[in-house]
Amino acid sequence: MELFDKADRLGMTWVSNTEGHSTLLHIEDLSYCIVRAVLIWYSEQPASAVEIVTGSDRLTVELESVFQDRSTGRYVHMKDITFFVQMNSDSEYSITPKSGDPDSLVWHLPVIYNCPFLPPCHLSLHVQSEPEAPLWESWLAGLPEITTSLSLASELHVLEGTTHQTYPDTFALEKGLKNQPLYPRVRNESPHPYLIAQRVLGRDAVMKLDQSADHDVVKLGDIVTSRTVITNTGSTTCMYVQYRTTLPQCARLVPGSFIINGIHVPLETDAMNVITVILRNMPVGDLLDVSFRMDIHEESEIEKFYMSSVLDYHLEPVDNRLLIGNQPSNVVEFIWGG
């Protein structure tokens, strides 16, 4: 059963009460948003409900699905608890059955989150919903078509019995993702998993913007030349590129001064004193040199003011779904010297 299958700037962390795992859910990445959390627990007898306790909250969870593993005799339970985990994202987790032996309960909690600072990836999470369900077949069938001359890093998670195995790897994808030699080996080691999850990094557009000005102390009547050097330092083409920058309130664009790689581009600022221009697609290693002049035409009301540029663009991750990127430049500081 597919629980998650998406390309985006995604990460995954794993919380469990088994040896080698922590029961503390803590995500290091800044500005993250939890998008999926699935609780899986095992018991000697059917445990129709468990209680989750964190430092500030508790929840009684009724099972969503259950089946008995024929090889171990244990009962496998699953429940989506995304909302609760979103409210308890930096907490120690304690999970006990409402009835039965608490020492026999083993649980896993894979948590998928989104963060704009992560590289793009394809992330899939499939779980078994009934005994002897062909999980490997359905998971392999759902993998995206990825063929590239690049090597992409991957992390595969397999849960069988009470054992969680992690397989980090770097794929050479000339023959595509589905033909990786890792899969037959893992399938042989874990023929009947309850869960398969994988995160494969995509090709990333990493844009570098260097902002500068020809002088930083300005006064009334000065003409200041601003320059932004844009470079694609990533591993894929940056598409539908839009450049924008906001001029200081005391400045205005000198007509005819906007230049891209030596070519004059006629444009004007909008009502908010913002320059917006569509650039070309930028392949790996491409460079664009953007410059314009500003006329300091009125007194500044503040002693220090700042300016930077921002690039909005699209990039193509592993499953051909366009994603939006955004990259600001460094900040240039101006001091009013008038």
Closest non-hydrogen atom pair, [X] against [Y]:
| X | Y | answer |
| --- | --- | --- |
| Cys238 | Asn232 | N-ND2, 3.6 Å |
| Ala37 | Val85 | CB-CG2, 3.6 Å |
| Cys115 | Asp29 | SG-CB, 3.8 Å |
| Pro110 | Val38 | CD-O, 3.0 Å |
| Val200 | Ser154 | CG2-OG, 3.9 Å |
| Pro248 | Asn273 | O-ND2, 3.1 Å |

So, do [X] and [Y] sit near enough that their side-chain heavy atoms are less than 4.5 Å apart?
| X | Y | value |
| --- | --- | --- |
| Thr246 | Met272 | no |
| His215 | Val224 | yes |
| Ile95 | Trp41 | no |
| Tyr32 | Asn114 | no |
| Arg280 | Leu288 | yes |
| Leu143 | Tyr183 | yes |
| Ile335 | Asp216 | no |
| Met12 | His157 | yes |

Would [X] end up clustered with [Y] when hydrophobic side chains under 4.5 Å apart are linked, directly or stepwise?
| X | Y | value |
| --- | --- | --- |
| Val206 | Met282 | no |
| Phe305 | Met307 | yes |
| Ile260 | Tyr243 | yes |
| Leu253 | Val218 | yes |
| Ile81 | Val50 | yes |

With rounding to the nearest 0.5 angstrom, report the [atom1] to [atom2] distance, [X] to [Y].
| X | Y | atom1 | atom2 | result |
| --- | --- | --- | --- | --- |
| Leu118 | Arg199 | CG | CZ | 5.5 Å |
| Tyr167 | Ser190 | OH | OG | 4.5 Å |
| Phe117 | Ser31 | CZ | OG | 4.5 Å |
| Gln249 | Glu298 | CD | CD | 6.5 Å |
| Thr54 | Phe84 | OG1 | CZ | 4.5 Å |
| Glu92 | His26 | CD | NE2 | 12.0 Å |

Please confirm whether the backbone N or O of [Y] pairs with a side-chain atom of [X], one donor and one acceptor, at under 3.5 Å?
| X | Y | value |
| --- | --- | --- |
| His126 | Ile196 | no |
| Thr225 | Arg293 | no |
| Arg244 | Val310 | no |
| Thr269 | Ile275 | no |
| Arg36 | Leu3 | yes |
| Asn188 | Arg185 | no |
| Asn281 | Val241 | no |
| Asn330 | Gln211 | yes |
| Glu51 | Lys98 | no |
| Tyr93 | Asn88 | yes |

For the residue pair [X] and [Y], confirm or rule out a side-chain donor-acceptor distance under 3.5 Å.
| X | Y | value |
| --- | --- | --- |
| His108 | His164 | no |
| Tyr113 | Thr13 | no |
| Asp312 | Asn326 | yes |

| request: For the pair Asp8 and Val35, evaluate side-chain contact (heavy atoms from CB on, under 4.5 Å) and give the outcome as yes or no after the intermediate values. | output: CA-CA 11 Å; Asp8 209 331; Val35 295; over 6 Å; no
Neighbour count above 12 (heavy atom, 6.0 Å) for [X] [atom1]:
| X | atom1 | answer |
| --- | --- | --- |
| Gln86 | CD | yes |
| Glu333 | CD | yes |
| Glu301 | CD | no |
| Phe83 | CZ | no |

| request: Run the numbers on Thr245 and Thr228 for side-chain contact (heavy atoms from CB on, under 4.5 Å), then give the verdict. | output: CA-CA 10 Å; Thr245 190; Thr228 310; over 6 Å; no
| Between Arg187 and Glu137, is the closest basic N to carboxylate O distance under 4.0 Å? |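 A salt bridge is present here (some side-chain N lies under 4.0 Å from a carboxylate O).
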| For Leu10 and Phe4, what are the C-alpha separation, side-chain angles and deciding distance, and is it a side-chain contact (heavy atoms from CB on, under 4.5 Å)? | CA-CA 11 Å; Leu10 299 164; Phe4 194 89; 3.7 Å; yes
| message | Assess the residue pair Gln242 and Thr276 against the criterion (side-chain contact (heavy atoms from CB on, under 4.5 Å)); give the C-alpha distance rounded to whole Å, side-chain angles, the decisive distance to 0.1 Å, and a yes or no. | response | CA-CA 7 Å; Gln242 176 180 272; Thr276 303; 3.6 Å; yes
